[in-house]
Protein chains: 2
Amino acid sequence: MSTVENPADKTGAPAPVGPAAPATLHDVAREAGVSLATASRSLNGSTRRVADAYRDRVLAAAAKLDYSPNLSAQAVARGSTMTVGLVVSDIADPYFSSIAAGAMRVAEESGLVVTMAVTGRSPERELEIVRTLRGQRPRIILLAGSRSQGSAVRDALIGELQSFEASGGRVVMISQRDLPFATLSLDNDDGAFELATTMAGFGYRRFAVIAGTANVRTSLDRVDGFRRGLLAAGVDSETVVVETEFTRDGGYDAGRRLLERGLDDIELVFAVTDVMALGAMAAFRESGVEPGRDIAVAGFDDIPTVRDVTPALTTVRAPLVDIGERAVRLALGDDFDRASVDAVPTTVVVRASTPRR
Amino acid sequence: MSTVENPADKTGAPAPVGPAAPATLHDVAREAGVSLATASRSLNGSTRRVADAYRDRVLAAAAKLDYSPNLSAQAVARGSTMTVGLVVSDIADPYFSSIAAGAMRVAEESGLVVTMAVTGRSPERELEIVRTLRGQRPRIILLAGSRSQGSAVRDALIGELQSFEASGGRVVMISQRDLPFATLSLDNDDGAFELATTMAGFGYRRFAVIAGTANVRTSLDRVDGFRRGLLAAGVDSETVVVETEFTRDGGYDAGRRLLERGLDDIELVFAVTDVMALGAMAAFRESGVEPGRDIAVAGFDDIPTVRDVTPALTTVRAPLVDIGERAVRLALGDDFDRASVDAVPTTVVVRASTPRR
DNA sequence: TAGAGTCTGGATAGCGCTTTCCCAGTCGCT
DNA sequence: AGCGACTGGGAAAGCGCTATCCAGACTCTA
């Protein structure tokens, strides 16, 4: 904002007009012929009343000068901001964008500004992001899709977040329930359990699971829940597990690996996320194995698109938007408890990809 | 950040320990036994050198106190920020989340912090968002999916953005090319044109178009381009146009309306966005009209999921992530031209939803 | 050995805003 | 008339930080 200011320029040549600095509150006050204090009080709801005559003059001056209060300056003066930091793994992933949509909705509703960052699933990047986020002094930091099992980076992240909390910030983790912060998690275990029993009830007996990499809690919980469900349903056959990336292409890749291995002894493939299931279905179909007919497929999350694919995907519905909303409401609550662990219930949604046998 | 500070409390009762204010640079300087200036110089790359002995002491003190620079204060002192404001219609929509992903990637690459806001497709909301965004004094404001044809709100929006530019900010519009700002648009017209001629080449002669509401430029361009293409290909039959919301459900609704009207004289339905096409396909299928067999369907954008639906959707590929990246690169460029209008080329992608006749 | 440069710390004046604190004016009472 | 209790404007002290300016300590050259 370096303004070229050269009142002594008498050359007649047009002064190189740099960007004019935006009007300050001072400018408004001068224009209105009132003090700084009065201008400030008029333009934001302070506790103090301002006589209408004065206020109108200030408002008019502000409009005339196109005044826009400098939020950074306000933050400094007030010692607090109206910001919430949202960090997700990948905003193009419907899982995260749905959560983000919910979070942003209630944040904006509450007059909060959302600053968002993407980790690309890198713990180092996540740490770095939280560091700079902390510099913003947000009211809330929301972490969705965090991951980092017992590493130095993880400890640093925890430390960073704890410092943040120590200075009055609030952090909410979404679906990473083994970090020492308020957590809003899906009922991954139960959802997968119920999916398994339901599928067993449909007559399926032999399963494969497409899982995420082992350091991701969400994946572990879903796999475990599924296994428990099978056990509970009396399924005793071995379940094949394939590990892969948490993306559509990861699922595709896992699908290919299953194909190579041979699908003869597998009746149903459970992918721990819908996007992975989608990828796997694509791989199957590409090889002439028709999902829903030759092999059943189920996912988890119920992202919007899975009802529009063919066959429509059986999955476990996670109220993603709702989770985003709840996360910020939780953080905003008067009775915020930094140790609370809420699990949002999930429900099995049966669709055409898993016909009864 | 109201800290309870009561050193005189001798009651023995544990002082109600409010959140401790985060360490300030002042604290660090004191801890390190140096001046504020030296501390500041050590902790950010200032032009001035500071002797290693001093710097190390400062760094150690900062680490010990868990210091995190207050970005707002820096912004105020420096008179500039490292922020970019990104406003989209709906972050859960893959169209926008892809653009956002691209934009965020290069923003973070450049050390910029992204603050994002969602308009929900409301012009009023958009205006309000831009107002508060301006208060952040971001370096850049990126508007994706803006809409507002000739209203008072539109004028206010333009005014707001112009004030922003006047004070050195940069604004880039994505795919809303008739606002007086630098614009990065898709080659909507050409893409639709080519889709039309390709489809005519496949033997289709009778078309329906699912369009967005009339005040959205992108929709208009796509419809016009499609019409021009048909004309150029010598198609002379009347094209049915249905207007609807820019969402999956809007598409579904339009599909239903087409079904009610009767599909006998229609061979191919072109929806101006993929999400709308997806909705329409769902409606068709629900009524026993099989897309790709009983009726051809084509979309626009090539969002990730459309290759995974069945039949895979013929569409016009828009390099969405790329657009997001280019938008912020454009804004960051030394040779930024606030009047530039770039159109990103699109390519027709033929898939199973539009078999040759 | 002076005089002119360089370095590099420290003091300090802001940045744009909020929020005490002070004070003059007005009101309602006795 | 006299006096406490409001009201509401203005001066000014910060908020946490940067950047300018100054001063002392060195290093060079002539």
Side-chain angles (χ1 to χ4, degrees), chain A residues 1-3 5 20-58 61-62 65-82 132 134-137 167-168, chain B residues 1-3 5 20-58 61-62 65-82 132 134-137 167-168:
Chain A
M1 238 148 272
S2 66
T3 312
E5 192 110 353
T24 72
L25 188 59
H26 191 89
D27 299 333
V28 174
R30 185 153 32 73
E31 173 78 24
V34 301
S35 77
L36 208 51
T38 302
S40 172
R41 292 198 268 252
S42 307
L43 289 171
N44 71 17
S46 119
T47 41
R48 291 268 311 251
R49 255 190 58 99
V50 172
D52 290 354
Y54 280 77
R55 220 217 356 274
D56 292 351
R57 258 158 61 199
V58 173
L65 298 182
D66 221 345
Y67 172 71
S68 160
N70 184 322
L71 261 34
S72 295
Q74 287 190 320
V76 169
R78 294 208 245 250
S80 74
T81 64
M82 289 298 262
T132 84
R134 188 150 85 85
Q136 307 226 49
R137 305 285 185 272
S167 57
Chain B
M1 241 147 276
S2 65
T3 312
E5 192 113 348
T24 72
L25 188 59
H26 190 89
D27 298 333
V28 175
R30 184 154 32 74
E31 172 78 23
V34 302
S35 76
L36 243 195
T38 303
S40 173
R41 293 198 268 252
S42 307
L43 288 172
N44 72 17
S46 119
T47 40
R48 293 268 309 255
R49 252 190 60 98
V50 20
D52 290 355
Y54 281 77
R55 220 214 359 273
D56 292 350
R57 258 160 58 201
V58 173
L65 298 182
D66 222 346
Y67 172 72
S68 159
N70 184 321
L71 262 33
S72 295
Q74 287 189 323
V76 169
R78 295 209 244 252
S80 73
T81 65
M82 289 298 264
T132 85
R134 189 150 85 84
Q136 307 226 52
R137 305 284 184 271
S167 58

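Hydrogens, waters and symmetry mates play no part in the numbers below; they use all other heavy atoms, side chains included. Chain naming here is simple, since letters A, B, ... match the order of the sequence lines and numbering starts at 1 in each.
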Give a yes/no answer on whether the side chain of [X] brings an N or O atom under 4.0 Å of OP1 or OP2 in [N].
| X | N | value |
| --- | --- | --- |
| Q74(A) | dT18(C) | yes |
| S40(B) | dT18(D) | yes |
| R49(A) | dG8(D) | yes |
| R48(B) | dT8(C) | no |
| Y67(B) | dC17(D) | yes |
| S35(B) | dA11(C) | no |
| N44(A) | dT18(C) | yes |
| T24(B) | dG16(D) | no |

Starting at atom [atom1] of [X], determine the distance to atom [atom2] of [N], rounded to an integer number of angstrom.
| X | N | atom1 | atom2 | result |
| --- | --- | --- | --- | --- |
| L36(A) | dC21(C) | CG | P | 18 Å |
| H26(A) | dG10(D) | NE2 | C1' | 13 Å |
| R41(B) | dT12(C) | CZ | C1' | 12 Å |
| Q136(A) | dC15(D) | CD | P | 22 Å |
| R30(A) | dC17(C) | CZ | P | 13 Å |
| N70(A) | dC15(D) | CG | P | 18 Å |
| R78(A) | dC15(D) | CZ | C1' | 12 Å |
| D56(A) | dG9(D) | CG | P | 12 Å |

State, to 0.1 Å, how close [X] and [Y] come at their nearest heavy-atom pair, and which atoms those are.
| X | Y | result |
| --- | --- | --- |
| V76(A) | S72(B) | CG2-C, 3.6 Å |
| T24(A) | Y67(A) | C-CE1, 3.5 Å |
| P22(B) | R137(A) | CG-NE, 3.5 Å |

Of the candidate nucleotides [options], which contains the atom at the shortest distance from the side chain of [X]?
| X | options | answer |
| --- | --- | --- |
| T38(A) | dG10(D), dG9(C), dG14(C) | dG10(D) |
| L25(A) | dG16(D), dG10(D), dC17(C) | dC17(C) |
| V76(A) | dG16(C), dG14(C), dC17(C) | dG16(C) |

**Item:** Side-chain touch R41(B)/V34(B), heavy atoms, less than 4.5 angstrom
**Value:**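 Sidechains of V34(B) and R41(B): no contact.
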**Prompt:** Contact class for V50(B) vs. all strands (heavy atom < 4.0 Å): base, sugar-phosphate, or nothing?
**Reply:** sugar-phosphate
**Request:** Determine the contact category for A37(B): base if any of its heavy atoms lies under 4.0 Å from a base atom, sugar-phosphate if only primed atoms, P, OP1 or OP2 are that close, otherwise nothing.
**Result:**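 Answer is base: heavy atoms of A37(B) come under 4.0 Å of a base.
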**Request:** Go through M82(A) and T132(B) one step at a time and tell me if the side-chain contact (heavy atoms from CB on, under 4.5 Å) criterion holds.
**Result:** CA-CA 11 Å; M82(A) 289 298 262; T132(B) 85; over 6 Å; no
**Asked** Could one point to a donor on the side chain of R137(B) or the base of dG16(C) with an acceptor on the other under 3.5 Å away?
**Response** no
**Prompt:** Backbone N or O of S42(B) within a donor-acceptor pair of the R55(B) side chain at under 3.5 Å?
**Reply:** no
